[in-house]
2 protein chains.
Amino acid sequence: MANKSKALLALELGRAVIEMRSRSRQFIQARIKENQLNITYEMLEVLMCLWEKDGINQQEIADNIIKEKASMTYLLDNLVKRNLVNRMPDGNDRRNNLIHLTTQGKDLQEKLLPWAMEMYTAASKDLTLEDIIASTQLIKQLTKNIQ
Amino acid sequence: MANKSKALLALELGRAVIEMRSRSRQFIQARIKENQLNITYEMLEVLMCLWEKDGINQQEIADNIIKEKASMTYLLDNLVKRNLVNRMPDGNDRRNNLIHLTTQGKDLQEKLLPWAMEMYTAASKDLTLEDIIASTQLIKQLTKNIQ
DNA sequence: AATAGATAGTATAGTATTAAACTATTATGT
DNA sequence: ACATAATAGTTTAATACTATACTATCTATT
């Protein structure tokens, strides 16, 4: 009975999680639309990863933002099309592409990163460091339990 | 600085959340595949809602499982195609369709619901009721903060 | 009664995700 | 040296999601 109850709570947590994701996306997309930028939230996630560390391979990006490698192909195609990133073969390992920001891609940082930080800051308003950490740990444990 | 740090923690929480969702999906899909059923995790979510409450309208289903109504059209088209649900006009409000499980749709419950419960039970192993509730509350607050 | 506002569901176009299979390349084991 | 296993990225097909606009219908207001 306690297990059933915990399971149902986990279900509710899963629902809360989906809604949070959806709202995050909408928050950023609204800004992007206001400013008539031709990118999406998902592309922003890739850019954010590259702003932090440029010139890494696709698998590293995928690992960082929790996406499947097949999705990376699609997203990077779109970013390349918009001249925000370039793919370059990796001389050290021919299986890899290294993904580099273009000048345009770099220039977007000063506008877009503050929006993202603004969102995360607003989201975490009134929440304590400790509580956020505890929740993250719980969610990670939950994921590990079904690995 | 504390805000920056909290924002980054929120970012990490967002990542954990995506991974949890992805794993949940894979867990169930593996079972579905083993048993050669012609449905997806997303369809299962709809079915689970209807097992609990049959004959509700599309908007209610969408609200329950946190999806956009436009997504419901697509998913229900697929469920109807598989003869798992029917759409019926609502005599009391012509804007609505009422969605009913077919016999087949009902029959799937005894196989699929235990899998879902098994997953949630496994996921919540070693986690306390209180911690799950606290995390759910935190995530709901986080979502509300960016509404 | 008429009008304005809100709602449910669909259509559309584009975006994104996923599993599986594949090719080319690298790493590992014998 | 050779064979096998593992890996990165791409392809394919299907699924799913989203914002926007639309139509039909209902509700609220005057």
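The structure displayed is predicted, hence computed values, not measured ones. Proteins get letters first, then strands, A, B, ... in listed order; numbering begins at 1 in each.
If you measure from atom CG of A/D77 to atom C1' of C/dG14, you get 15 Å, rounded to the nearest angstrom. Taking atom CG of B/L79 as the reference point, atom P of D/dA14 lies 18 Å away to the nearest angstrom. In this structure, B/L76 places its CG atom 8 Å from P of C/dT10, rounding to the nearest Å. Across the protein-nucleic acid pair, B/M88 atom CE and C/dG9 atom P stand 15 Å apart, rounded to whole Å. Between the CD1 atom of B/I32 and the C1' atom of D/dT15 there is a distance of 13 Å, rounded to whole Å. Between A/I61 atom CD1 and C/dT17 atom P the separation is 13 Å, expressed in whole Å. Summarising the geometry, the separation between CG on B/N57 and P on D/dT25 is reported as 16 Å, rounded to the nearest angstrom. Rounded to whole angstrom, the span from the CD atom of B/Q36 across to the P atom of C/dA20 amounts to 13 Å.
Within the structure, side-chain hydrogen bond (donor to acceptor under 3.5 Å, both in side chains) contacts touching residues 138-147 of chain B (residues at least two apart or in different chains) are A/E12-B/K140, A/R23-B/Q147, B/Q141-B/N145. Under the salt bridge (charged side-chain N to carboxylate O under 4.0 Å, His left out) criterion, the residue pairs touching residues 45-56 of chain A are A/R21-A/E45, A/E45-A/K67, A/K53-A/E60, with sequence neighbours excluded. For residues 100-114 of chain A, the pairs satisfying side-chain hydrogen bond (donor to acceptor under 3.5 Å, both in side chains) are A/N83-A/Q104, with sequence neighbours left out.
A sub-4.0 Å separation between OP1 or OP2 of D/dA8 and a side-chain N or O of A/Q59 is present. For D/dA8, neither phosphate oxygen OP1 nor OP2 lies less than 4.0 angstrom from any side-chain nitrogen or oxygen of A/R87. Contact between the side-chain N/O atoms of A/N97 and the OP1/OP2 oxygens of D/dT10 is found at a separation under 4.0 Å.
Applying the salt bridge (charged side-chain N to carboxylate O under 4.0 Å, His left out) criterion to B/R95, with sequence neighbours excluded, gives B/D93. Residues forming a side-chain hydrogen bond (donor to acceptor under 3.5 Å, both in side chains) with A/S71 (at least two apart in sequence, or on another chain): none. Under the salt bridge (charged side-chain N to carboxylate O under 4.0 Å, His left out) criterion, A/K33 pairs with no residue at all, not counting sequence neighbours.
Not one N or O on the side chain of B/S124 forms a donor-acceptor pair closer than 3.5 Å with the backbone of B/L127.
Within the 4.0 angstrom heavy-atom criterion, no nucleotide atom of any strand lies near B/R23.
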Pair B/I61, B/I99 - check side chain to side chain contact (heavy atoms under 4.5 Å, CB included), show working. CA-CA 9 Å; B/I61 301 173; B/I99 309 298; 3.8 Å; yes
In B/S/- notation (B base, S sugar-phosphate only, - none; protein heavy atoms under 4.0 Å), nucleotides 24-29 of chain C written 5' to 3' is -BB---
5' to 3', nucleotides 16-21 of chain D under a 4.0 Å protein heavy-atom cut-off (B base, S sugar-phosphate only, - none) gives BSBBS-
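B/I18 belongs to a hydrophobic cluster whose other members, connected by ILVMFWY side-chain contacts under 4.5 Å either directly or through intermediates, are A/I66.
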